[in-house]
Amino acid sequence: MAKRKKAAKAKSKAAAKKTAKKVVKFTAKKLAASNGLPRPSAKPWGQAGRALDGVRILDFTHVQSGPTCTQLLAYMGADCIKVERPGIGDITRGQLRDVKGADSLYFTMLNGSKRSITIDSKHAKGKEILDRLVKLCDVLVENFAPGALDRMGLTWEHIHKLNPRMIVASVKGFGPGPYEDCKVYENVAQCAGGSASTTGFRDGPPLVTGSQIGDSGTGLHLALGIVSALYQRNRTGRGQRVLCAMQDGVLNLARVKLRDQQRLKHGPLTEYSQYGEGVPFGKATPRAGNDSGGGQPGWILKCKGWESDPDAYIYFITQAPVWTAICDLIGKPEWKTDPDYATPPARLPRLRGIFDAIEQWTMTKTKFEVMEICNKQDIPVGPILAMKEIA
Ligand code: COA
């Protein structure tokens with residue numbers, strides 16, 4: 001009897017162990033799937049596809065801002081179907097053409113990694129094809145003039161009815177407000193977004209910058225908006241509209257100047273050279289020449305050869321932690337302890353003179369020599385590199 005009991009106990013113990021094993025196995029397996037997320041890929045790094053593989057973009061973009069956005073998405077793996085106007089195409093195909101008979105570099109540098117199709121969006125057959133594409137795609141990206149997409153019949157309501165998962169992303173010049181119907185190009189956005197009024201020298205006119213912060217900058221912002229909308233769609237199952245206004249994009253990139261506008265209410269901007277020069281501040285953030293936009297003063301200084309080479313200059317930052325190294329380097333060791341120079345606040349009213357002294361030293365070296373010497377001492381400097389030196 002006792003023997004039978006013992007055998008039964010052992011049997012049930014073994015069964016329990018088996019079940020426990022099963023349960024553990026089952027739970028582990030289930031866990032990976034039950035939270036809705038795929039199990040981690042076992043493929044080697046770099047071989048598990050690209051981030052946006054499987055995402056299909058109906059690319060209605062032209063010129064620079066929109067194409068910048070869709071090209072980034074294409075680089076990430078999205079399938080971009082670029083729709084162009086029959087007989088005309090994206091206007092940049094023929095603009096600034098470098099090689100006769102070929103699409104311009106302006107066009108190809110913004111539209112590589114995409115497929116192209118011409119469709120007349122105002123023709124009945126074209127509309128039919130577009131409706132089919134709307135049903136097939138995940139995202140529609142456009143940067144037409146305000147109202148143009150609606151005039152094609154591709155209203156948000158129409159698109160959303162055909163494909164509730166569709167994300168409709170747009171670049172426009174301005175957001176809601178008095179200018180929302182205006183057409184906008186790069187420099188219009190730079191001017192309206194606060195960049196031009198804060199760029200250049202105090203005694204000169206406002207300046208636009210060569211970096212395409214209005215076009216490419218807004219395209220970058222839009223790409224992030226689209227990726228976020230795709231991520232949210234995983235949760236909601238629903239598409240949404242994403243809008244980036246170029247004025248807002250520029251203002252976002254010029255936000256430190258907006259910061260300074262607010263700071264002006266509380267007194268002069270002491271890190272601007274104008275403060276040390278005794279020039280009073282007006283009511284708006286002024287143009288600051290080559291002053292640094294942050295808390296570590298900087299300026300562009302001449303280097304050896306500046307008389308004949310327009311790019312023989314270097315940006316020099318007098319970062320506080322390396323001030324003593326700078327003093328030794330430029331032959332001003334006394335500034336390390338002089339109360340007029342030893343601390344960052346003491347130096348602020350003297351920036352012009354300090355940079356003049358540093359320049360006396362940089363002018364004895366090429367920009368690359370300055371780079372070499374300073375970086376060894378952790379002094380942040382940036383050579384002015386011409387495009388020919390980078391390309
Ligand atoms: N089939 C038929 N018509 C088409 C078409 C197609 N495949 N693609 C475009 N069109 C039509 C548009 O519907 C529009 O017609 P409509 O005015 O009758 O509605 C027409 O072409 C012109 O489009 P539009 O966007 O107004 O081009 P534009 O050359 O006159 O203006 C911009 C160019 C860039 C100023 C303007 O598109 C804009 O302000 N875009 C938003 C801001 C922006 O992205 N600017 C930066 C550009 S880098």
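One-based numbering, in listed order, for ligands and for the atoms of each. FYI, side chains are in, hydrogens and waters are out, and symmetry mates aren't considered; it's all heavy atoms of this structure. Starting from 1, each residue takes its place in the sequence as its number. Note that the structure is predicted; figures quoted are calculated from it, not measured.
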**Message:** Counting only heavy atoms from other residues, nucleotides and ligands, does the tally under 6.0 Å from CZ of Arg259 exceed 12?
**Reply:** yes
**Request:** Without swapping roles, check the side chain of Thr362 against the backbone of Lys302 for a donor-acceptor pair under 3.5 Å.
**Result:** yes
**Prompt:** Judged by non-hydrogen atoms, does Met246 sit under 4.0 Å from ligand 1?
**Reply:** yes
**Request:** Check Asp215 against ligand 1 and report side chain, backbone, both or neither, counting heavy atoms closer than 4.0 Å.
**Result:** side chain
**Message:** Below 4.0 Å from ligand 1: does a non-hydrogen atom of Glu186 turn up there or not?
**Reply:** no
**Request:** For Gln64, counting its heavy atoms only, list the atoms of ligand 1 lying under 4.0 Å from any of them.
**Result:** 48 (S)
**Prompt:** When you check the gap from the basic side-chain N to the acidic O, do Lys376 and Glu372 get nearer than 4.0 Å?
**Reply:** yes
**Item:** Heavy-atom nearest neighbour in the protein, as seen from atom 19 (O) of ligand 1, with distance rounded to 0.1 Å
**Value:** Arg151 NE, 2.8 Å
**Prompt:** Counting distance only, does the side-chain N/O of Gln240 pair as donor-acceptor with the main-chain N or O of Ile167 below 3.5 Å?
**Reply:** no
**Complete:** side-chain contact (heavy atoms from CB on, under 4.5 Å) with Trp323: of Asp328, Ile354, Thr343, Ile379, only one passes, and it is Ile354
**Asked** Among protein heavy atoms, which lies nearest atom 2 (C) of ligand 1, and at what distance?
**Response** Ser121 OG, 3.2 Å
**Message:** Pairing donors with acceptors under 3.5 angstrom, does anything connect the side chains of Thr285 and Gln261?
**Reply:** yes
**Message:** Geometry only, no angles: is Lys122 polar-contacting ligand 1 at N/O separations under 3.5 Å?
**Reply:** yes
**Message:** Check for me whether the distance between the ring centres of Phe316 and Phe355 falls short of 6.0 Å.
**Reply:** no
**Message:** Suppose I only count heavy atoms of Met152 and a 4.0 Å limit; which atoms of ligand 1 are within that range?
**Reply:** 4 (C), 5 (C), 8 (N), 9 (C), 10 (N), 12 (C), 13 (O)
**Prompt:** Val184 to ligand 1: N or O pair under 3.5 Å?
**Reply:** yes
**Request:** Give the residue, atom name and distance (to 0.1 Å) of the protein heavy atom nearest atom 40 (N) of ligand 1.
**Result:** Asn143 O, 2.9 Å
**Item:** ligand 1 atoms in contact with Asp120 (distance to a heavy atom under 4.0 Å)
**Value:** 1 (N), 2 (C)
**Protein contact of atom 9 (C) of ligand 1 - nearest heavy atom, named by residue and atom, plus distance** = Phe144 CE2, 3.4 Å
**Item:** Any donor-acceptor pair under 3.5 Å from Asn143 side chain to His62 backbone
**Value:** yes
**Item:** Protein contact to atom 30 (O) of ligand 1 [nearest heavy atom, distance to 0.1 Å]
**Value:** Lys183 NZ, 2.5 Å
**Geometric N/O contact Ile119 with ligand 1, under 3.5 angstrom** = yes
**Prompt:** Side chain of Glu277, backbone of Val279: donor and acceptor closer than 3.5 Å?
**Reply:** no
**Asked** Below 4.0 angstrom, N of the basic side chain to O of the carboxylate: do Arg287 and Asp203 qualify?
**Response** no
**Message:** Please report whether ligand 1 has a polar contact with Lys172, defined as an N or O pair separated by less than 3.5 Å (distance criterion only).
**Reply:** no
**Prompt:** What residue and atom, counting heavy atoms only, is the protein's closest point to atom 34 (C) of ligand 1, and at what distance?
**Reply:** Tyr185 CE2, 3.8 Å
**Request:** Provide the number and element of each atom of ligand 1 under 4.0 Å from a heavy atom of His62.
**Result:** 25 (O), 27 (O), 33 (C), 37 (O)
**Item:** Enumerated ligand 1 atoms positioned under 4.0 Å from heavy atoms of Val63
**Value:** 47 (C), 48 (S)
**Message:** How far is atom 22 (C) of ligand 1 from the closest protein heavy atom, and which atom is that?
**Reply:** Arg85 NH1, 4.3 Å
**Prompt:** In terms of the angle between their ring planes, are Phe281 and Tyr272 parallel, tilted or perpendicular, with boundaries placed at 30° and 60°?
**Reply:** perpendicular
**Prompt:** Which of the atoms of ligand 1 are close to Glu84, meaning less than 4.0 Å from one of its heavy atoms?
**Reply:** 7 (N)
**Prompt:** Starting from atom 25 (O) of ligand 1, which protein heavy atom do you reach first, and at what distance in Å?
**Reply:** Ala145 N, 2.8 Å
**Prompt:** Against heavy atoms of Val171, which atoms of ligand 1 measure under 4.0 Å?
**Reply:** 41 (C), 44 (O)
**Message:** Using heavy atoms and a 4.0 Å limit, tell me yes or no: is Gly66 in contact with ligand 1?
**Reply:** no
**Item:** Charged N-O contact under 4.0 Å between Arg93 and Glu84
**Value:** yes
**Request:** Could you tell me whether the side chains of Asp59 and Thr70 share a donor-acceptor contact shorter than 3.5 Å?
**Result:** yes
**Item:** Residues Asp138, Arg233: salt bridge by 4.0 Å N-O rule
**Value:** yes
